[in-house]
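Here is the structure we will look at.
Atoms considered below: every heavy atom in the structure, side chains included; atoms not considered: hydrogens, waters and symmetry mates. Start at 1 and go down the list; that is how both ligands and their atoms are numbered.
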Amino acid sequence: MVTAVAQRLASQRKEIDDTLAAFALSPTQLQEVKAKMRVELERGLKKDSHPTASVKMLPTYVYRTPDGTERGKYLALDLGGTNFRVLVVKIRTGMRNSVRMYNKIYAIPLEIMQGTGEELFDHIVQCISDFLDYMGMKNTRLPLGFTFSFPCNQTDLVCWTKGFKATECEGYDVVDMLREAIKRRNEFDLDIVAIVNDTVGTMMTCAYEDPKCQIGLIAGTGSNVCYMEEMKNIEFVEGDEGQMCVNTEWGGFGANDNIEDIRTRYDREVDGGSLNPGKQRFEKMTSGMYLGEIVRRILIDLTKHGLLFRGRITERLKTKGIFETKFLSQIESDRLALLQVRSILQHLGLDSTCDDSIIVKEVCGAVSRRAAQLCGAGMAAVVDKIRENRGLDNLEITVGVDGTLYKLHPHFSTILKDTVRELAPNCKVDFILSEDGSGKGAALITAVIDKYLYAMRFSDETLRDIMARFRREMENGLGRDTNPTATVKMLPTFVRSIPDGSEKGDFIALDLGGSNFRILRVKVSHEKKQTVQMESQIYETPEDIIHGSGSRLFDHVAECLGDFMEKQKIKDKKLPIGFTFSFPCAHTKLDEAVLLTWTKRFKASGVEGMDVVKLLNKAIKKRGDYDADIMAVVNDTVGTMMTCGFDDQRCEVGIIIGTGTNACYMEELRHIDLVEGDEGRMCINTEWGAFGDDGTLEDIRTEFDREIDRGSPNPGKQLFEKMVSGMYMGELVRLILVKMAKEGLLFEGRITPELLTKGKIETKHVSAIEKSKEGLTKAEEILTRLGVEPSEDDCIAVQHVCAIVSFRSANLIAATLGAILTRLKDNKNTPRLRTTVGIDGSLYKMHPQYARRLHKTVRRLVPESDVRFLLSESGSGKGAAMVTAWASRLADQTRQIHRNFMLSSHSYP
Ligand code: BG6
Ligand code: BG6
Ligand code: GLC
Ligand code: GLC
């Protein structure tokens, strides 16, 4: 009897041992796994074998780990592990522990994980929106680092792994999908700067603490490794210099049947019942999502054979997923008494005896041990490869690790480390745990890319400060005593009102100083309603004329005017002329304008300090083929305000955001010390482009702004203009790209002669790159023309650079405009300002996002205002004609008064 029981127990024991034996890997088997993994790593790196390799070896375009100089405030998303997290990460330099993080975990319901891609990304964006509300940060456009823990080829999702299976995502660009979802929600803006795998995020997180960290390992829901590979070994990526982080996606190891000898029938069953049968075979043997499932299947088998749970297969035991990693970890804990194990099992609905508990614990142990050993064998292959890459006998290296399996399981990490030590004896491998998750690393990668751009983003507090500075500058310019030394000149224009609807006549307008030189004929008639008819022609102004002598420039203008009059058949007429001259001029009356200094591209000699009306009249007289009557000279801002004022009487500000930038507005005469009189208003041409020329903006100027200034025709002048306007923006972007490429952050460090050539990136390119739909394609086209072969990540980074530069411009203009608006509000002594701002200029008109950004920021900075932004569709010529109409009427009246006076003097001899 005793023998029979003993025999039965022995045979049961044998059956259990036999079942678990398949999970015990011998040292030789582990060596083989290491060797096969090594082969797959190599195959994944080679051009020919890469497409079919089971270990995908995806390039990440992360060229270096953080060096401690990163800083800034970033948003991070962490999607694909157990938790979906949204974080804000603040990195400060110069201090230990200088990273602060706030995060919130959001649930992703199963039906969304496995619904449509659009639903998934809408859900993500909804979570971001909630988080931004919670943090009070909806108005701050933050750069975003996205940890997306799935295999991606650059930014295209290759395939879902683990528990995700949303449709219409595989093969799609994840950044695009996120961007589209942000657009659909239309509540906030983000710059998606970097998308990284969780292994990469983990490596970066740990490398911030330990510069020796060059490997990232995740042993969690999924299993994966990344490491710093030599560029020359990554055959399908151009360039041989330096290193790049490669995301191995080793979870796919085994897809070519090369580890069938160690896969058990349980592994095959788990695979068959998974979301992605046939894929991620190694992951399914090693990661948290599957270990419990393997255990459950073994338990069912043992129960079937009467070896467990008294042979009863309960519904609970049949339930997929009841065995989570955390239970596995608890059951295997040495600190737990058998009774406690039993109570866990009972909690899981598995009615067990103490013997059952022992067996279950053994099963868990066998499955998790194999998982740890397999990861160890894989890791041994990776470290040995790195050692050989560097031609070293011995390698010291650190692995940054994350994942619930590694963190929670009582033995996983020890077995893993032991295996690595045995299989890679020449490598001293340290493992450090990523305490902060991979979001910090994603933010650090964003910060690496963002290093040079950090200084270009301003908080609203800074913008308000700049607004206050500009308010002071305006006051200085208006004051009699302070004006002589003021940098913002606040020039009286002698324009006293906007059009009142009574203007009429036939005029010629010259429009010189923007990107085009235009001559127009403007006919304003007054039947029933005031109507304007315009005809115009653009004339070239060649560089040699712009930079030649003043007389040549005005001869050219007079010649073009002659041509225009000839074509209009009005050479015999003496039509009144309005001259939009888009440079700073001192007026004492409308038809006298002394050029104070050239700005933008112009540099013709002998004009500064002269009255341009006289110069033009002289040139016309010299020709002698027609006569002209220049009635008014206006700045383009004034022309623009008047053009817009024609349609909207409330218009009292004109701004230009084009080649240059400037603004004018209607000021109370009593505040203009330099002009006699206290009644009414006069338009002031602020010439805000010169803001900062006395050093007021030094704290916000960057090395790139200084470089732009040094290379400009007027160093030290127009410093504000050089930070914001179209003439400089493309060049600013180019200088930043060169710097980033030199740092290896872009184009794999390649710099071409074209990229080094001044002016090769124009503001119109910036506008094209920032288009939301075809922007990335445009970036690729433009960069390819510059001889660099950009990766998709390069294009994203370049788009980000453009966005930062143009956003800074819109922000700065919002601040100076804000100052004008608050001044208008104070002048009117009203609690709420209702006004219209007339705007023109190619940057404002052509850039896809500029206008929206500017309007939004102005409304934020001056909340007590209702501002209508009115685009001047027809340029400043129409406005110049309006001023001319007014000037001619005044001249007529003067003539009339004069005549009357003469007549009356005659009648009284
Ligand atoms: C987290 C990281 O700590 O670990 C994630 O922040 C990562 O990016 C995860 O995906 C992996 O572990 P698990 O167990 O959550 O899959
Ligand atoms: C034009 C105006 O529409 O815009 C010009 O008619 C002005 O007077 C110009 O100078 C400003 O924009 P840009 O981009 O040409 O400098
Ligand atoms: C899966 C994913 C991989 C990720 C890993 C860990 O293997 O494919 O990209 O790194 O899980 O989360
Ligand atoms: C420059 C000029 C200014 C002009 C502006 C926009 O800043 O100095 O007069 O209004 O460009 O064209």
(request) Can you pull out the closest protein heavy atom to atom 14 (O) of ligand 2? Residue, atom name and distance to 0.1 Å, please. (result) S842 OG, 2.4 Å

(request) Identify, by atom number and element, the atoms of ligand 3 in contact range of N224, meaning under 4.0 Å from any of its heavy atoms. (result) 3 (C), 4 (C), 5 (C), 9 (O), 10 (O)

(request) Could you tell me whether ligand 3 has any atom less than 4.0 Å away from a heavy atom of G220? (result) no

(message) Donor-acceptor pair, distance only, cut-off 3.5 Å: does the side chain of T493 make one with the backbone of C683?
(response) yes

(message) If I apply the N/O under 3.5 Å rule, does D511 come out as touching ligand 2?
(response) yes

(request) Could you check atom 3 (O) of ligand 2 against the protein and tell me its nearest heavy-atom contact, residue, atom and distance included? (result) D840 OD2, 2.6 Å

(message) Given 3.5 Å as the limit, does a donor-acceptor pair link the side chain of K722 with the main chain of M727, or not?
(response) no

(request) Describe, in one word, how the ring planes of W160 and F164 are oriented to each other, choosing from parallel (under 30°), tilted (30 to 60°) and perpendicular (over 60°). (result) parallel

(message) If the contact criterion is a heavy-atom separation under 4.0 Å, does N197 count as touching ligand 3?
(response) yes

(message) Tell me the protein heavy atom at minimum distance from atom 10 (O) of ligand 2, and give that distance in Å.
(response) D636 OD2, 2.7 Å

(message) Treating E721 as the side-chain partner and W688 as the backbone partner, does any N or O pair qualify as donor plus acceptor under 3.5 Å?
(response) no

(message) Tell me whether S438 contacts the main-chain N or O of T202 through its side chain, where contact means a donor paired with an acceptor under 3.5 Å.
(response) no

(request) Could you tell me whether a side-chain N or O of E283 sits under 3.5 Å from a main-chain N or O of S223, the two making a donor and an acceptor? (result) yes

(request) Heavy-atom contacts with T161 under 4.0 Å: which atoms of ligand 3 show up? List them by number with element. (result) 1 (C), 2 (C), 8 (O)

(request) Could you check which of G514, G841, G660 puts a non-hydrogen atom nearest to atom 12 (O) of ligand 2? (result) G841

(request) Considering the heavy atoms of G875, write down every atom of ligand 2 situated less than 4.0 Å from one of them. (result) 3 (O), 6 (O)

(request) Number the atoms of ligand 3 from 1 as they appear, then name those within less than 4.0 Å of a heavy atom of I218, with their elements. (result) 6 (C), 12 (O)

(message) Check contact between S582 and ligand 2, using heavy atoms of the residue and a distance below 4.0 angstrom.
(response) yes

(request) Decide yes or no on side chain to side chain donor-acceptor pair (under 3.5 Å) for D693 and Q718, but give the supporting numbers first. (result) CA-CA 6 Å; D693 288 4; Q718 300 291 103; over 6 Å; no

(message) Taking 4.0 angstrom as the limit and counting only heavy atoms of D198, give me the atoms of ligand 3 inside it, by number and element.
(response) 4 (C), 6 (C), 10 (O), 12 (O)

(request) Identify the two heavy atoms, one from C245 and one from M203, that lie closest to each other, and give their separation to 0.1 Å. (result) SG-CE, 3.7 Å

(message) Does only the side chain of S287 get under 4.0 Å from ligand 3, or the backbone, or both, or neither? Count heavy atoms.
(response) neither

(request) For the pair E324 (side chain) and G292 (backbone), establish whether a donor and an acceptor sit closer than 3.5 Å, ignoring hydrogens and angles. (result) no

(request) Please answer whether the main-chain N or O of G730 pairs with a side-chain N or O of T763 as donor and acceptor at a distance below 3.5 Å. (result) yes

(message) Quick one about S806 and Q849 (side-chain donor to acceptor, distance below 3.5 Å, no hydrogens or angles considered), yes or no?
(response) no

(message) In this structure, does ligand 3 have an atom that sits under 4.0 Å from one of the heavy atoms of P151?
(response) yes

(message) If you measure every N or O of N516 against every N or O of ligand 2, does any of those distances drop under 3.5 Å?
(response) no

(request) Identify, by atom number and element, the atoms of ligand 3 in contact range of Q280, meaning under 4.0 Å from any of its heavy atoms. (result) 7 (O), 8 (O)

(message) Between K284 (side chain only) and S274 (backbone N and O only), is there a donor and an acceptor less than 3.5 Å apart?
(response) no

(message) Tell me the nearest of T661, I657, N635, T659 to atom 16 (O) of ligand 2, using heavy-atom distances.
(response) T659

(message) For atom 11 (C) of ligand 2, what is the closest protein heavy atom, and at what distance to 0.1 Å?
(response) I656 CG2, 3.6 Å

(request) Measure the spacing between CE of M228 and CE of M244 and express it to the nearest 0.5 Å. (result) 9.0 Å

(message) Suppose we measure from atom 13 (P) of ligand 2 to each protein heavy atom; which comes out shortest, and what is that distance?
(response) S515 OG, 3.4 Å

(request) Kindly say whether G278 contributes a backbone atom to a donor-acceptor pair with the side chain of D271 at under 3.5 angstrom? (result) yes

(request) Enumerate the protein residues lying less than 4.0 Å from ligand 4, judged by heavy-atom distances, in chain and residue-number order. (result) S582, F583, P584, T599, K600, N635, D636, T637, I656, G660, T661, N662, E687, Q718, E721

(message) Closer than 4.0 Å to some heavy atom of E283 - which atoms of ligand 3 meet that?
(response) 1 (C), 7 (O), 11 (O)

(request) Identify the heavy atoms of G514 and K600 that sit nearest to each other, and give their distance. (result) N-NZ, 4.5 Å

(request) Check whether any side-chain N or O of E608 sits under 3.5 Å from a backbone N or O of T597 as a donor-acceptor pair, and report yes or no. (result) no

